[in-house]
Amino acid sequence: MLRHFTLAAAALTALVAAAPAPQSLHQFNLKTIDGKPMPMAQYKGKVVLLVNTASMCGFTPQYEGLQALHESYKAKGFTVVGVPSGDFGDQEFGSNGEVKQFCESKFGIKFPMAEKAVVKGPKAIPLYKWAADTLGEDKTPQWNFHKYLIGKDGMLITAFGTRTTPTSPEVTAAVQKALAAKG
């Protein structure tokens, strides 16, 4: 009996190891800030700026630029997706409801927001682990408002650190180039 269990466990391990690792944004699923399913497949054919956010950070005013960028390019197939996180200095509210209320009332946020999540380290959500594995550890969030630009095909294009504002020439040029690319 023990031998059968050992063989079954080995077979299961082999199957899991053989399962292909996610290759694009579109293979992930998050939950919205309201707790509803948020399949990333809904962004096929769109350019996405994925941003880990925090409501009580010195960089929180970047919400204004994120909303402006979202509004400027959404008709062309672009969206910002915010992922609230307390990973850096615990600068996020405790509940998703508090985050949502703050973002909507203080900054008029209309772009999609995911539920609060871990974005760095071994406990990071799978989407952020994939980004780290794909672009390298040096391109992972080092603080709040780190930005990943993802193409229409769901592939990571680049990352922008916290200090690079959403409306900076580097970000807007990269968004425009990604939108112009065939997808």
Side-chain angles (χ1 to χ4, degrees), residues 15-54 62-63 65-85 87 96 103 109-162 164-183:
L15 280 174
V16 171
Q23 298 298 312
S24 92
L25 168 75
H26 306 138
Q27 293 173 279
F28 292 94
N29 294 301
L30 300 178
K31 286 192 178 181
T32 68
I33 201 156
D34 295 320
K36 296 177 181 148
M38 185 180 195
M40 296 290 100
Q42 70 184 312
Y43 300 113
K44 283 183 180 173
K46 293 189 177 202
V47 174
V48 174
L49 190 69
L50 182 71
V51 185
N52 63 294
T53 61
Q62 284 194 24
Y63 269 128
L66 291 168
Q67 183 60 39
L69 189 69
H70 177 75
E71 290 297 324
S72 293
Y73 295 103
K74 74 177 182 179
K76 295 177 181 174
F78 172 79
T79 191
V80 171
V81 173
V83 180
S85 180
D87 286 5
N96 290 318
C103 290
I109 297 304
K110 302 281 188 235
F111 57 80
M113 293 286 290
E115 67 183 357
K116 189 175 171 183
V118 174
V119 299
K120 183 155 175 80
K123 294 184 181 180
I125 60 174
L127 174 55
Y128 272 82
K129 283 183 181 179
W130 166 75
D133 290 345
T134 302
L135 291 182
E137 195 63 32
D138 62 322
K139 300 287 187 190
T140 61
Q142 301 302 308
W143 198 251
N144 305 310
F145 292 91
H146 179 89
K147 301 151 202 75
Y148 284 118
L149 184 63
I150 303 164
K152 296 174 189 176
D153 59 359
M155 303 305 290
L156 282 156
I157 296 172
T158 193
F160 300 98
T162 299
T164 305
T165 64
T167 55
S168 70
E170 303 98 305
V171 173
T172 56
V175 168
Q176 290 169 357
K177 183 178 178 182
L179 286 169
K182 299 213 187 249

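Keep in mind it's a predicted model, so treat the numbers as computed, not measured.
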Point to revise | Pairwise side chain to side chain donor-acceptor pair (under 3.5 Å) hits with a residue in residues 168-177, at least two apart | key: Tyr73-Gln176, Ser168-Glu170
Going by side-chain contact (heavy atoms from CB on, under 4.5 Å), name the residues that satisfy it together with [X], two or more places apart in sequence or in a different chain.
X      : result
Ala54  : Cys57, Gln91, Glu92, Asn144
Ser72  : none
Gln142 : Lys120, Thr140
Pro126 : Phe28

Review point. Which pair of non-hydrogen atoms, one from Ala159 and one from His146, has the smallest distance, and what is that distance?
Key: CB-NE2, 3.6 Å
Revision key, fill the gap. Here the pair of heavy atoms bringing Ser24 nearest to Trp130 is CA-CZ2, 3.6 Å
So, do [X] and [Y] sit near enough that their side-chain heavy atoms are less than 4.5 Å apart?
X      : Y      : value
Leu69  : Val171 : yes
Leu149 : Leu156 : no
Ile150 : Ile157 : no
Val118 : Asp87  : yes
Lys147 : Gln62  : yes
Val51  : Leu66  : yes
Pro84  : Met113 : yes
Lys31  : Pro37  : no

Exercise for review: Could you pull out all residues at least two apart from Tyr63 that satisfy ring pair (Phe, Tyr, Trp, His ring centres under 6.0 Å)?
Suggested key: Phe107, Phe145
Hey, could you give me the [atom1]/[atom2] distance between [X] and [Y], rounded to the nearest 0.5 Å?
X      : Y      : atom1 : atom2 : answer
Lys110 : His70  : NZ    : NE2   : 10.0 Å
Phe111 : Thr79  : CZ    : OG1   : 8.5 Å
Leu25  : Gln42  : CG    : CD    : 9.5 Å
Gln23  : Met155 : CD    : CE    : 6.0 Å
Glu115 : Lys36  : CD    : NZ    : 13.0 Å
Thr167 : Gln67  : OG1   : CD    : 12.5 Å

Contacts of type side-chain hydrogen bond (donor to acceptor under 3.5 Å, both in side chains), residue [X], not counting sequence neighbours:
X     : value
Tyr43 : none
Asn96 : none
Thr32 : none
Asn29 : none

Exercise for review: Could you tell me which residues satisfy salt bridge (charged side-chain N to carboxylate O under 4.0 Å, His left out) with Glu71, sequence neighbours excluded, listed by chain and number?
Suggested key: Lys74
Check your understanding: By salt bridge (charged side-chain N to carboxylate O under 4.0 Å, His left out), which residues pair with Asp133, not counting sequence neighbours?
Key -> none
Check your understanding: side-chain contact (heavy atoms from CB on, under 4.5 Å) between Leu49 and Val81: does it pass, once the steps are laid out?
Key -> CA-CA 6 Å; Leu49 190 69; Val81 173; over 6 Å; no
Exercise for review: Measure from the side-chain N and O atoms of Asn52 to the backbone N and O of Ser85, and report whether any donor-acceptor pair falls under 3.5 Å.
Suggested key: no
Exercise for review: Return yes if some donor-acceptor pair links the side-chain N/O of Lys152 with the main-chain N/O of Leu179 below 3.5 Å, else return no.
Suggested key: yes
Check your understanding: Are Tyr148 and Tyr128 an aromatic pair by the rule of ring centers under 6.0 Å?
Key -> yes
